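Below is one structure, written out as structure tokens, with a few remarks after it.
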There are 2 protein chains.
Amino acid sequence: MTEATRTSAATLHDVAREAGVSLATASRSINGSTRKVNEELRQRVLLAADKLGYVANQSAQAIAKGSASTVALVVSDIADPYFSTMASGVIRGAEEARLLVTMAMTERSAERELELVRALRGGRPRVLVLTGSRFAGTELEASLVKELTAYEETGGTVVIVSQRSLPFDTVQIDNLAGARDLARALVDQGYRRFAAFTGVSSLLTSSDRLQGFRDGLGEFGLALDDDRVYRTDFTRDGGIAAVDAMLDDGIDDIDCVFAVNDVMAIGALSRLRDRGVSVPDDIAIAGFDDIDTARDVTPALTTVRLPLADVGAEAIHLALTADQRTSVATVTIGGDVVLRASTPRRA
Amino acid sequence: MTEATRTSAATLHDVAREAGVSLATASRSINGSTRKVNEELRQRVLLAADKLGYVANQSAQAIAKGSASTVALVVSDIADPYFSTMASGVIRGAEEARLLVTMAMTERSAERELELVRALRGGRPRVLVLTGSRFAGTELEASLVKELTAYEETGGTVVIVSQRSLPFDTVQIDNLAGARDLARALVDQGYRRFAAFTGVSSLLTSSDRLQGFRDGLGEFGLALDDDRVYRTDFTRDGGIAAVDAMLDDGIDDIDCVFAVNDVMAIGALSRLRDRGVSVPDDIAIAGFDDIDTARDVTPALTTVRLPLADVGAEAIHLALTADQRTSVATVTIGGDVVLRASTPRRA
DNA sequence: GCGCGCTGGGAAAACGTTATCCAAGACGCT
DNA sequence: AGCGTCTTGGATAACGTTTTCCCAGCGCGC
């Protein structure tokens, strides 16, 4: 841009020369090290750096040190509040450890996820956080695990959010318990006949929540009819599609819908209104996650509150304490049922 | 994790040795170059790379090439849908150019913004995208501009989103026209007496929208009383605080509120409901941005639709075509008024 | 049959750091 | 005085790539 002189950035060399010291001393002064350096020299170096507008080249540092001061983060879709809230926690956590975050989006494709892990590996990040993984049980699982294992063998730490039984550090969201508690609460509110909106089965988040919900109903001798489980996308549009499918089947025998996440629930809410079905008079609805929007829609959405930002921060914390352990760790984070107007007590 | 053998990652050297060729040939085969390489050798190299699970070290490439294949993105808060939607566009745009995105959050602090730009500069990114900047008119402006200029002199490209009159490429959101159009539309709907919720004045996005709104009202001989401009945070909580302040003043002389962005409007909506004020019966409300949630709240929010993901993608596109120009460029993206139930036609 | 341009492989020099040595001086002890 | 032992600055060798040379082989025109 502009036809300005394209000089190259000041290097540590320049700083050292300017300050009249050696490269080593300059490096030690600026980045600190175990070695002490004479205070006067140090000041000279700092001054020179400031004067030249020197900023250390992170790539060079990374290559000299063997790994970058970086966290790689994989999300399905950063525009989805579930991931953006989690990402904000990851970024905050990384920042505390003076790590920068590089982010990639899978757009909800397992193939893409594999590609991205490979690509991100190239950055030699200290930590690799995987969220929204959807390879479980697919034929890609082996390749992904191989890739991740190879990465860890080179000194990095993998943290997976909400995907159990993989030999990596895991921040487990207690989807089973959360959904079970929600089912209990809904039954307690007087609901008996349920439908569910869910995503593809390779998404453990989705299938776990469904399972937990079934477990909860089971405690009361209730069941979720397979015909009443609508399997669509894990998105707002998925919720819309599910409503359409459900209305085709009729809702006379349904008094409450469980959508496995809030964005689906909110899409459903909107679609139900458009199609003239009143929530909660004609049918109640509950979601999962407690994204910000959940309390802003009308009726406000009953859901399971998840501290998503904390989940992100915890992922980083877990990774950064990995070297103090000898085996993988799992942190489980639970959610709390939040009853709101979308599921009032039933007469 | 696990006490596995911590080997170091396969290097190009290893690949070359495995394939029985020189380093140069291996590099040329894998990364392509202007030079041709014998097809058989090339296959050997590719095979070896695959066998060893080789992934090029990006830091090494960056340092050899002089700059990283990276886009640095600064946002105020990734959990805010305004930024997360824009970020998704940036990531998508970057991806098309095979660039990875590293992201940092200012948490809405101008000081932090300056620090982050410095830090990000260290990564020698090809492009530096600044969104949500709030240094305009502050004493930090000069330092920031200096930093950015220095960055561009080393070959990078700065793109600023929605901050005019700075000597860098800019994706301008036409906040003035959008707000003016909104004002016209609201007057056309029958509203006459307005209040506004806005952010701090160093946020141009905020002050421009207010100004545009004023301009629009002016065309009808209407004005926005200074006492009725509530200056709070650019967030959901800001909207809540503004409602409280406004209600203290009374709303008998107000028939419509303009919140300079949707998240404030939605916070306000929620607070108004809590305080027993009916929207739109007692007071109408309009926002700006058209974030996803705007259509999901009740009443659905009148707003100005901005193609935020496109804005992000355009920022990258602009940066990547910078070398074909000799001077800075500005792309202006406009918004369309979307009338919804929060501002019905007034009797 | 001989120079000459072209092709494509390999050696080696960057790139900007950090870390490992080495040397020289200061200091304490006998 | 002689001799270890610290301390601290400076050379220099990594780190993993790309890229610039150099050079050998080969086809080709005269």
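It should be emphasised that the depicted structure is a prediction, and the values quoted were computed from it without experimental measurement. Each chain gets a letter, A, B and so on, in the order its sequence line appears, and its residues count up from 1.
- Considering only side-chain N and O atoms, A:Ser22 lies nowhere under 4.0 angstrom from the phosphate OP1 or OP2 of D:dG9.
- Using a 3.5 Å distance cut-off with no hydrogens or angles, the side chains of A:Glu111 and A:Ser109 do pair a donor with an acceptor.
- Over its length, the helix from C:dG1-D:dC30 to C:dT30-D:dA1 turns its helix axis by 50°, as judged from the five terminal pairs at each end, rounded to 10°.
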Q. Between A:Tyr151 and A:Leu128, is a side chain to side chain contact (heavy atoms under 4.5 Å, CB included) present by the stated rule, with each step listed?
A. CA-CA 9 Å; A:Tyr151 166 67; A:Leu128 176 55; 3.6 Å; yes

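- Heavy atoms only, all atoms of each residue included: A:Pro167 and A:Val328 are closest at O-CG1, 3.5 Å.
- Residues in residues 53-69 of chain B take part in no salt bridge (charged side-chain N to carboxylate O under 4.0 Å, His left out) pair, two or more places apart or across chains.
- Sequence neighbours left out, not one pair with a member in residues 124-144 of chain B passes salt bridge (charged side-chain N to carboxylate O under 4.0 Å, His left out).
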Q) Could you run down nucleotides 14-24 of chain D 5' to 3' and tag each one B, S or - for protein heavy-atom contact under 4.0 Å? A) -BBBBBBB---

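- Once you apply a 4.0 Å limit to the heavy atoms of chain A, the touched nucleotides of DNA chain C run 5' to 3' over C:dG16 to C:dC21.
- With no hydrogens or angles considered, no side-chain donor-acceptor pair links B:Glu152 and B:Thr157 at under 3.5 Å.
- Between A:Glu39 and A:Arg42, at least one side-chain nitrogen of the basic residue sits less than 4.0 Å from a carboxylate oxygen of the acidic one, meeting the salt-bridge criterion.
- For the pair A:Arg44 CZ and D:dG9 C1', the computed distance is 12 Å after rounding to whole Å.
- Inter-residue side-chain proximity for A:Leu130 and A:Glu113 is flagged as met; some heavy-atom pair is nearer than 4.5 Å.
- B:Glu314 places no side-chain N or O within donor-acceptor distance of the main-chain N or O of B:Gly93, the cut-off being under 3.5 Å.
- Applying the side chain to side chain donor-acceptor pair (under 3.5 Å) test to pairs two or more places apart or on separate chains, those with a residue in residues 93-108 of chain B are A:Arg92-B:Glu107, A:Arg112-B:Glu95, B:Asp80-B:Arg108.
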